[in-house]
Amino acid sequence: MKSAISLLSIIAPLALGTSVARQSGSNPSIDGLNFVIDGESGYFAGTNAYWLPFLTNDADVDLAMGHMAEAGLKILRVWGFNDLNTIPDDGTVYFQLHSDGASTINTGENGLERLDYVVSAAESAGIKLIIPLVNFWDDYGGMNAYVAAYGGSDQTSWYTDADMQSAYQTYIEAVVSRYVDSTAILAWELGNEPRCPSCDTSIIHEWATKTSAFIKSIDPSHLVAIGDEGMGLEGGSDYPYTTTEGTDFALNLAIPDIDFGTLHLYTTDWDVTNNSWGNQWVQDHAAVCESLGKPCLFEEYGIKDTHCTDELAWQDTAFAADGVAADLFWQFGDTLSGGETADDRYTVFYGTDDWECLVTDHVAEINGA
Ligand SMILES: *[C@@H]1O[C@H](CO)[C@@H](O)[C@H](O)[C@H]1NC(C)=O
C-alpha cells in the first residue's frame, strides 16, 4: 500500500503534466531518534493550530497552510476531536454528539468533512499532521462531554468506563480509517494532555497500552503517541516531575505501540517562576527518550507575550538535544477572512517580528543556513 501510493505520486504528475491535487511523499517514519519526513531524516520545526479543522472556509485553510509551508514548518498539530452534548443550531462545526448514553459521529459538511479538507490541504502542501482524538480539557467538549452523556464522577472515570471507552474507540475507528491511506498523517495521538489526577499511574498506562494497540490494528502504517505533557519523570522535584497527574513518562514511553514521547512546557501555568527551568525539563526528557531509543517530540511550548527570549532558549535546547526530534510552538496565528485567529497571548502571528525570531531564524538554523 505504501509503495503503491508513492509510485502513483511520482507517475501521476508526469503522466498528466498538470497541477492535479496529489499526495506528496510518503508516510512519516522513525529512524533511531529522528523522524523521517518524505525521505529526509533530521530535526523538524512545526506548530499547533488546533482550530484549523473548525474553519468553514476552504480558502482560509489554504492560506494558513500555505504560510506554514512557505516558512518551512513541516509538522502541524490540529484537533481531531470536537465533542458536544447539544447540536448547535448555527452550523458550527462539531465532530461528535454525546447524548443520553449514545454517541453520534458527524460526518457531514460541518463535521468530519472539515477535517477531510485539512488533510487534503496538508497533502498538497507537504505538511504532516498530528491528530489527537479526545481532549482531557473541556475545550471542544473533551472527556467531560462523554461523562455528561454516560454518567460518571469526573474525567478520571472516563479511562475505565466500558461504555465511554467503547464510544471513544468507535470514534477512533471512524477517524483513523478515514485517513489510513493519507501520507499527510505523521501520527495519531490518544488525546490532548491526558491526565488522571491523583490516580495510580497504572490507569493511564493500561488505557494507553490498549488504545495504542487498537489504533495500530486499524492503521499499522502511521505513528502513534499519547499526546501527554510528559509529566512524571526523574530529574527534578517540582510538581511536573511528580506522578500527581497520573502519568509516568518512561513507563508509558516503553509501551510497544507508542512510537515517540511528547512533552509540553508552560512554566507560568505550572507555577514555575524561572523560565530557565524549561531547559532542564527538555534535557531530562531527551535523556529518557535516548535511553529507550524512541524520539521525543517537544510538541507544545510557549510564554505569554514574550516569544523571543526564554522561549527561544527552550527551542535551542531542544534542537541541540539528541533525544528531541522536532519542536512545535504553541501556537500559530494568522489573519484570515474573519480577521485574526485565536490570540491566547501565546500566539505568534505570521509575518510579525516574533515570527521572524521563532520561525524564520529557527528554520534557517535547522537547514544549516
Ligand atoms: C534561573 O535558573 C537558572 C538555571 O538554573 C539560574 O542560572 C538563574 O540564576 C536562575 N534565575 C533566577 C532569577 O533565579
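Counting starts at 1 for both ligands and their atoms, following the listed order.
Residue pairs meeting the salt bridge (Lys or Arg N to Asp or Glu O under 4.0 Å) criterion with at least one partner in residues 50-62, sequence neighbours excluded, are Asp58-Arg114. For residues 162-280, the disulfide (SG to SG under 2.5 Å) pairs, not counting sequence neighbours, are Cys196-Cys199.
With hydrogens and angles disregarded, a donor-acceptor distance shorter than 3.5 Å links the side chain of Asn85 to the backbone of His98. Judged by distance alone, with hydrogens and angles left aside, the side-chain atoms of Asp238 form no donor-acceptor pair with the main-chain N or O of Tyr241 at under 3.5 Å.
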| query | Between Trp188 and Ile131, is a side-chain contact (heavy atoms from CB on, under 4.5 Å) present by the stated rule, with each step listed? | reply | CA-CA 5 Å; Trp188 303 112; Ile131 303 185; 3.9 Å; yes
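When heavy-atom distances to ligand 1 are checked against 4.0 Å, the residues falling inside are Asn274, Ser276, ordered by chain and number.
Here Asn192 pairs with Arg77, Asn135 under the side-chain hydrogen bond (donor to acceptor under 3.5 Å, both in side chains) rule; sequence neighbours left out.
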